[in-house]
Protein chains: 2
Amino acid sequence: MNPKLLRGSLDTIIIKLLNDNGEMYGYEITQKVKELTGDTIKITEGALYPSLHKLEGKGVLAVETRSIGNRYRKYYSITKQGKSELATMLEDMKAYMQSMELLLNPKLA
Amino acid sequence: MNPKLLRGSLDTIIIKLLNDNGEMYGYEITQKVKELTGDTIKITEGALYPSLHKLEGKGVLAVETRSIGNRYRKYYSITKQGKSELATMLEDMKAYMQSMELLLNPKLA
DNA sequence: CTCTATACCTAAGAATCTTATGTAATAATT
DNA sequence: AATTATTACATAAGATTCTTAGGTATAGAG
C-alpha cells in the first residue's frame, strides 16, 4: 500500500492498539499492525519510535522498562489523558473516512 | 476535522474529482469538496495550488487557461496517464481504509 | 558461525502540509 | 460611493511527519 496514506494516522493507530490490548512494546506494535491488516500496513521503526517518545512526552502514554533475561523491553500503556484524546481522534478518523467515502463513491450526487 | 488526516490523500481527491466531473478550476475544487463532505474537509489553497502544479508537471493533469470577462480561470482535466494512475490510487486508498477499519474495529479478533 | 529475528535507537533528507501573505476582479452591503 | 466579502489565482517560510539509512545488541536457527 502507498505509505503516504498513513501520514497523520499513525498516532491514532498506536493509541487505539494500546487502548485495546493493555500494554505493548514497540516492536510488538509493528507486528500486531502487520498481523491485523494482513501485511497491508507496515509501520517502520523510524516512524514508530519517535512517535512513541512524542506521545509519552505529551502525557498520552506511560512507559515502563522491563528486563527480559539479558535484554529489555519498553512497555507502553495509555494514560487517562490518552483515553480522552483517543475519543477525539476516533471521531476525527470516522469523520475523515466517511468524507472519503463520499468523495470516492459519489453515487448519491 | 483534524487536517493531519488529510495528509497523503489530497492528490487522490483532486484526481478523482476531475475524473468524475470533467474539468474544474482550483477554487471550484475547494468548494466542491466542502459541499460533498458537508464542510468536513476544507482544502486550503496553500495546499491545493502547489499540488495542482505538481500533478500537471507529472503529466497527470492538463491545464487550459480561459478568460472569463476581465479575469481568468485555469481549468484542469485528467490525462490518460492520470486515469491509469487513478486506478492505482483508488486501490491503495481502498486497502488503506479497509485496514483502518480492521485496526479501529477489531471485533472479529 | 553466520544469518535471521527480536528490540531498542537516531539523524538526514524528502514530502506534504499550515499559516501568512500578496494580487486582483467581481459582487454584495451599507 | 465606499467598504467588505467572495472569487480566483499564487508563493514562501516554517512545522510536521514521514522514509531511508544507518547503529547497537541479544537470541535463536541452520
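Below, chains carry the letters A, B, ... as their sequence lines are ordered, and counting in each starts from 1. For the numbers below, each heavy atom of this structure counts, side chains included, while hydrogens, waters and symmetry mates do not.
- When rounded to the nearest whole Å, the span between CG of A:L5 and C1' of C:dA15 equals 14 Å.
- With hydrogens and angles left out, the side chain of A:R7 and the base of C:dT16 share no donor-acceptor pair within 3.5 Å.
- The nearest heavy atom of DNA chain D to A:A47 and to B:L52 marks one nucleotide each, and the one closer to the 5' end goes with B:L52.
- No contact: A:K42 has no heavy atom under 4.0 Å from any strand.
- Between the side chain of A:S67 and the backbone N or O of A:Y72 there is no donor-acceptor pair closer than 3.5 Å.
- A distance-only check finds no donor-acceptor pair linking the side chain of B:E56 to the backbone of B:Y76 [under 3.5 Å].
- Comparing B:K74 and A:T44 against DNA chain D, the residue whose closest nucleotide sits nearer the 5' end is B:K74.
- One can place OH of B:Y76 at 8 Å from P of D:dC9, the figure rounded to the nearest angstrom.
- Residue B:E45 is in base contact, counting any heavy-atom pair closer than 4.0 Å across all strands shown.
- Taking atom CZ of A:R73 as the reference point, atom C1' of C:dA5 lies 12 Å away to the nearest angstrom.
- In this structure, A:Q31 places its CD atom 8 Å from P of C:dA7, rounding to the nearest Å.
- The distance between atom OH of B:Y75 and atom C1' of D:dA8, rounded to the nearest whole Å, is 11 Å.
- Using a 4.0 Å heavy-atom distance criterion, B:R71 is classed as a base contact.
- Contact between the side-chain N/O atoms of A:H53 and the OP1/OP2 oxygens of C:dC8 is not found at any separation under 4.0 Å.
- A:G69 comes within contact range of no nucleotide atom at all, as no heavy-atom separation falls under 4.0 Å.
- B:I14 pairs in a side chain to side chain contact (heavy atoms under 4.5 Å, CB included) with only one of the listed residues (B:V33, B:I78, B:L48), which is B:L48.
- An OP1 or OP2 oxygen of C:dC8 is reached within less than 4.0 angstrom by no side-chain nitrogen or oxygen of A:Y72.
- For the atom pair OG1 of B:T88 and CE of B:M93, the computed distance is 13.0 Å after rounding to the nearest 0.5 Å.
- A close approach under 4.0 Å does not occur between any side-chain nitrogen or oxygen of B:Y49 and OP1 or OP2 of D:dA10.
- Within 4.0 Å (heavy atoms only), B:G26 reaches sugar-phosphate atoms of the nucleic acid but no base atom.
- In this structure, A:K16 and A:M89 have side chains that are not in contact, with every pair of non-hydrogen atoms separated by 4.5 Å or more.
- Residue B:K54 has a polar side-chain atom (N or O) positioned under 4.0 Å from OP1 or OP2 of C:dT16.
- Spacing between atom CG of B:N70 and atom C1' of D:dC9 amounts to 15 Å, rounded to whole angstrom units.
- Counting any heavy atom pair closer than 4.0 Å across all strands shown, B:I68 reaches no nucleic acid atom.
- To the nearest angstrom, P of D:dT17 lies 14 Å from CG of A:L48.
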